[in-house]
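To start, the structure itself, in structure tokens.
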Number of protein chains: 2
Amino acid sequence: MGRRSDHSRDEIRQMALQAAESIVTEGGYKSLSARKVANEIGYTVGTLYLVFDNLDDLVLQVNGRTLDLMVKWLEQRVDIRDRGAETLCRLASSYIDFAEQHLSRWNMLFEYVTDKGNVLPDWYEEKVSRVFRIIEYALPVANNPVDQASDEQVARVLWASVHGICTLRIRQRLDLAGGQTTKQMTHTLIENFLRGRQAT
Amino acid sequence: MGRRSDHSRDEIRQMALQAAESIVTEGGYKSLSARKVANEIGYTVGTLYLVFDNLDDLVLQVNGRTLDLMVKWLEQRVDIRDRGAETLCRLASSYIDFAEQHLSRWNMLFEYVTDKGNVLPDWYEEKVSRVFRIIEYALPVANNPVDQASDEQVARVLWASVHGICTLRIRQRLDLAGGQTTKQMTHTLIENFLRGRQAT
DNA sequence: TCGGACTATTGAACAATGTTCAATAAAATG
DNA sequence: CATTTTATTGAACATTGTTCAATAGTCCGA
């Protein structure tokens, strides 16, 4: 078969991304393959390589969309005009809910490691920092910041920590923790951390 | 060629593990392949499958040895009889040093996800918790633990957090953090967290 | 010492992977 | 209607994990 022009290049891209997402959602990262995606959208492998540089490129774009979805998810669950410990806890909760709800796609966000030493394109980094900005905003201003860390820095410390709890929990590296839930753990973390930050 | 008996089954296993480690160290997780390992030790793929169930099994065993190495590394750098914030900071530092020094092997510890829903064998879980136990011990007893979390639980919260910082840093998801080093970040985390735990 | 039994090791085979690219068939153009 | 253009194909290649009949050494009893 030759030229068809059933879909524009961009339509094909969108279809492929959507197909990839459902494949990952159903069977996890490892079940993703070029031929599977191609099949699903009624094209062949060759076409996929007209639209994406390679599979890594496709994965990165899916990950970008996952980040977008995550921002939406958080904004839907937490009023981003709120601040304080309670808000942070709710954000953490929502983050963990997202990870559990979209397990495979969340996993792919971190399983995926580029061959080129983890250097990611700017448009992707931008999406990452959009997530961080939500946390930053919710972080209450400390009365007495003993250490020199700025709010931006503290936001990232705190969020990296929440992420760490989330990761180890989901990868089941924490089930000796005496039966505490991930939410309890993030609560412990945030409460103590903020209290310590206020106090001298 | 038929039977050779140059090496015992266990010798072959050890050789394979060592070969795998150096392949991963040099080229990262993705560069590991059965044939490469086999070649390196002067055997063929078939032999590898007499000694390991499959590649996942081999990876898991390498990871086990990486955990052993990590425990040794930590014990060499920190007197495990010490406690308190300073000790915890030093442990965190050492953990991050380990991750940086043995980047690929540390990476493999978390990139690797089993097909079977992340269920890991007992001997492996035991190695994981041996790491946690070091942290637990270093954790100072709080004067006034407001929350209900036990020391064991708190240790895991804290360590998951350190791990989160380490992960996001190494995966380069944090370089907008205003130039703070990973060690500064863990310091901020630990200091504030412990202060918050002591205070009411 | 010979010969048969045993078994450690092989390597060819299979299905599936990512990736490329000459061939081709349909649309576009004149 | 003929010609150019190009979107799409699918066969091809190298590489992957994994299996297993064939084989070539070792071992043991006669």
Side-chain angles (χ1 to χ4, degrees), chain A residues 1-24 26-63 104 108 111-116, chain B residues 1-24 26-63 104 108 111-116:
Chain A
M1 223 181 301
R3 156 198 301 212
R4 283 176 14 192
S5 298
D6 288 346
H7 306 94
S8 75
R9 210 142 266 223
D10 210 69
E11 279 174 325
I12 293 179
R13 179 199 297 289
Q14 297 307 320
M15 286 161 64
L17 289 176
Q18 222 166 305
E21 278 162 11
S22 79
I23 290 168
V24 170
E26 279 182 33
Y29 180 33
K30 287 189 174 175
S31 78
L32 188 70
S33 89
R35 284 174 180 81
K36 243 186 236 170
V37 173
N39 248 13
E40 200 108 339
I41 65 172
Y43 282 82
T44 52
V45 252
T47 307
L48 229 53
Y49 281 82
L50 291 169
V51 170
F52 301 100
D53 294 346
N54 47 42
L55 254 215
D56 278 2
D57 181 29
L58 188 152
V59 169
L60 198 68
Q61 306 227 21
V62 170
N63 280 349
S104 295
M108 195 162 80
E111 282 169 27
Y112 175 73
V113 183
T114 48
D115 289 332
K116 313 261 152 86
Chain B
M1 224 179 300
R3 157 198 300 214
R4 286 175 13 193
S5 298
D6 289 347
H7 306 94
S8 74
R9 209 143 267 223
D10 210 69
E11 280 174 324
I12 294 179
R13 178 200 298 289
Q14 297 307 319
M15 287 161 63
L17 289 175
Q18 221 166 304
E21 277 162 12
S22 79
I23 290 169
V24 170
E26 279 181 33
Y29 179 35
K30 286 190 176 176
S31 76
L32 187 70
S33 88
R35 284 174 180 81
K36 243 185 235 171
V37 173
N39 248 14
E40 199 109 338
I41 65 172
Y43 281 82
T44 51
V45 251
T47 307
L48 230 52
Y49 281 82
L50 290 171
V51 171
F52 301 99
D53 294 346
N54 47 42
L55 255 214
D56 278 2
D57 182 27
L58 189 152
V59 169
L60 198 67
Q61 307 226 21
V62 170
N63 280 349
S104 295
M108 195 162 79
E111 281 168 27
Y112 175 73
V113 183
T114 48
D115 289 333
K116 314 261 152 88

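All chains are named by letter (A, B, ...) in the order of the sequence lines, taking the proteins before the strands, and each is independently numbered beginning at 1.
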Are [X] and [Y] close enough that some pair of their side-chain heavy atoms sits under 4.5 Å apart?
X     : Y     : result
A:L60 : A:F52 : no
B:I41 : B:L48 : yes
B:V62 : B:V59 : no

Shortest non-hydrogen separation from [X] to [Y] and the atoms involved:
X     : Y      : value
B:V24 : B:S104 : O-CB, 3.2 Å
B:V37 : B:A16  : CG1-O, 3.8 Å
B:A34 : B:V45  : CB-CG1, 3.8 Å
B:K36 : B:S31  : NZ-O, 2.7 Å

Tell me the interatomic distance from [X], atom [atom1], to [N], atom [atom2], rounded to whole angstroms.
X     : N      : atom1 : atom2 : answer
B:L50 : C:dT10 : CG    : P     : 9 Å
B:H7  : C:dT9  : NE2   : P     : 9 Å
A:F52 : C:dG18 : CZ    : P     : 14 Å
B:L32 : D:dT15 : CG    : P     : 16 Å
B:L48 : C:dG11 : CG    : P     : 15 Å
A:N39 : D:dT9  : CG    : C1'   : 13 Å
A:R9  : C:dA27 : CZ    : C1'   : 15 Å
B:K30 : D:dT15 : NZ    : C1'   : 15 Å

Nucleotide of C:dG11, C:dT17, D:dT9 approaching A:Y43 most closely (side-chain heavy atoms)
D:dT9
With salt bridge (Lys or Arg N to Asp or Glu O under 4.0 Å) as the rule and sequence neighbours excluded, what pairs involving residues 9-24 of chain A come up?
A:D10-A:R13, A:E21-A:R65, A:E21-A:R105
Look at all strands and tell whether B:I12 reaches a base, only sugar-phosphate, or nothing, counting heavy atoms closer than 4.0 Å.
sugar-phosphate
How is A:L58 classified with respect to the nucleic acid when contacts are heavy atoms under 4.0 Å: base, sugar-phosphate, or nothing?
nothing
Can you see if the side chain of B:T44 gets near the phosphate of C:dG11 - specifically, an N or O under 4.0 Å from OP1 or OP2?
no
Worked check of side-chain contact (heavy atoms from CB on, under 4.5 Å) between B:N54 and B:D57
CA-CA 5 Å; B:N54 47 42; B:D57 182 27; 3.6 Å; yes
On DNA chain D, check which nucleotide each of B:K36 and A:D6 is closest to and give me the residue with the more 5' one.
A:D6
Global bending angle along the helix from C:dT1-D:dA30 to C:dG30-D:dC1, which compares the axes of five pairs at either end, to 10 degrees:
20°
Under 3.5 Å, which protein N or O atoms sit close to an N or O of nucleotides 19-21 of chain C? Give each pair with its distance.
| unit_1 | atom_1 | unit_2 | atom_2 | d |
| --- | --- | --- | --- | --- |
| C:dT19 | OP2 | A:Y49 | OH | 2.7 |
| C:dT19 | OP2 | A:L55 | N | 2.9 |
| C:dT19 | O5' | A:Y49 | OH | 3.4 |
| C:dT19 | O4 | A:R35 | NH2 | 3.1 |

